[in-house]
Amino acid sequence: MSVETLKWTSLPYTETQIADEAARLHSQLSIIGWSPVECSLIAPLTWEINKLKREMNAVILAHSYQTPDIIYGIADHVGDSLGLSQVAATTDADVVVFCGVKFMAETAKILSPEKTVLLPDDRAGCSLAASITAEDVRELKRQYPGVPVVCYVNTYAEVKAECDACCTSANALAVVNDMEGDRVIFLPDTLMAQNLRPHTDKEIIAWNGTCVVHENFGSAELEAFRGQYPDAKVLAHTECVPEVVAQADMAGSTSGMERYIAEHEEAKTFMLVTECGMTDKLKVQFPDRDFIGTCVLCPFMKKIELRNVLTAMKNPDSSQVIELDRQVINGARRSLDRMLQVGRAERVK
Ligand code: 13P
Ligand code: SF4
């Protein structure tokens with residue numbers, strides 16, 4: 001047996017399989033400048049992950065802020081927090097691999113507790129989720145007895161279990177308006193709370209969390225951009241400061257941005273005031289449009305890579321498997337069910 005044959009028989013794939021995989025990747029990633037060589041470098045990883053996925057009856061859910069190798073190489077579903085929760089609640093896969101952050105993987109576990117849920121790197125946190133504990137919520141409830149509590153989905157399971165309803169950026173206003181009484185505690189995103197206030201009659205009592213990505217964008221940069229590209233549409237996430245949201249053509253969730261682009265065929269240039277990863281995803285999705293993105297990365301989202309996805313699927317260590325207390329699951333499930341009943345109710349400017 002030649003050395004060359006030995007090399008290939010010790011690997012789980014053939015040279016042809018990898019060449020086909022590289023060509024598949026290149027057909028999409030070339031749009032954002034990936035070369036054939038770059039695609040062949042990741043092809044063994046994406047090929048093996050996709051094979052394991054079939055063998056394990058696994059589904060890979062990826063948030064839109066993930067890198068293009070994950071989105072276009074291995075993901076079965078890509079979307080915003082609400083869309084991915086809806087898939088997690090209904091999938092018939094045995095294993096859910098979450099390419100996103102921990103609160104999203106926990107949400108999948110709460111909605112499908114019998115499934116194995118894998119998060120490839122447990123450092124994939126979120127500044128909003130880290131800003132509040134279950135005890136903080138209990139203290140708020142002592143301070144404001146009887147006032148319903150709405151938590152943004154960017155919270156950990158113990159926090160969700162203390163709340164009356166969850167929401168995402170795709171239905172926050174509808175969930176707030178759906179609560180009984182004229183006051184609502186909204187946590188943990190203080191900027192999202194500020195963005196909701198002008199659109200509801202409810203008094204909103206807010207927590208003081210912020211997103212380390214979206215709090216960076218200011219109205220001065222937007223004004224400069226508007227001067228340079230007067231015909232461009234500005235799409236901002238509702239985690240941004242109110243001054244930015246006020247100047248945007250559309251403010252909402254990441255999926256809301258996609259829908260806005262699809263529905264505005266006349267618009268050719270878009271500025272995305274959100275995490276950097278969205279730009280590459282949308283460039284592949286809408287190759288005939290121009291996107292000007294920001295270069296602020298979410299350090300938590302970027303902890304997920306093809307290599308740790310592969311190790312989590314092959315031989316997960318305990319930090320990669322989501323485990324939650326049964327009581328916490330039951331409490332958090334009530335909050336999530338209320339959110340899922342409302343569904344998508346995006347307010348697009
Ligand atoms: P979306 O639900 O809009 O995708 O937002 C999630 C998130 O973490 C934004 O920073
Ligand atoms: Fe959390 Fe902000 Fe990262 Fe979203 S972008 S996961 S809100 S830190």
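Keep in mind that the numbers below use all heavy atoms, side chains included, and drop hydrogens, waters and symmetry copies. Whatever order the structure lists ligands and atoms in, that order sets their numbers, starting from 1. This is a predicted model, so every value here is computed, not measured.
Using a non-hydrogen distance threshold of 4.0 Å, Glu239 registers as a contact of ligand 2.
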Go through it in stages, so that I can follow the logic: the residues are Tyr156 and Phe103, the test is ring pair (Phe, Tyr, Trp, His ring centres under 6.0 Å), and I'd like the CA-CA distance, side-chain angles, deciding distance and then a yes or no. CA-CA 5 Å; Tyr156 290 121; Phe103 74 80; 7.3 Å; no
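With rounding to the nearest 0.5 Å, the separation of CD1 in Ile185 from CE in Met179 is 10.0 Å. Interatomic distance, Met192 CE to Glu239 CD, rounded to the nearest 0.5 Å: 5.0 Å.
Side-chain atoms of Lys302 do not come within 3.5 Å of backbone N or O of Thr67 as any donor-acceptor pair. Not one N or O on the side chain of Arg334 forms a donor-acceptor pair closer than 3.5 Å with the backbone of Asp164. Listed for the Asn330 side chain is no donor-acceptor partner under 3.5 Å among the backbone atoms of Arg333. In this structure a side-chain-to-backbone donor-acceptor pair under 3.5 Å is missing from His26 to Ala22. Although no hydrogens or angles enter the test, the distance criterion places no donor-acceptor pair under 3.5 Å between the side chain of Asp178 and the main chain of Val175. Using a distance-only test at 3.5 Å, with no hydrogens or angles considered, no donor-acceptor pair links the side chain of Asn308 to the main chain of Asp121. Side-chain atoms of Gln17 come within 3.5 Å of backbone atoms of Thr14 as a donor-acceptor pair (strictly under, hydrogens ignored).
The protein residues lying under 4.0 angstrom from ligand 1, judged by non-hydrogen atoms, are His63, Tyr65, Asp80, Ser81, Asn154, Ser169, His214, His237, Glu239, Ser253, Thr254.
Protein-derived N/O/S atoms nearer than 2.8 Å to atom 1 (Fe) of ligand 2 total 1, waters excluded.
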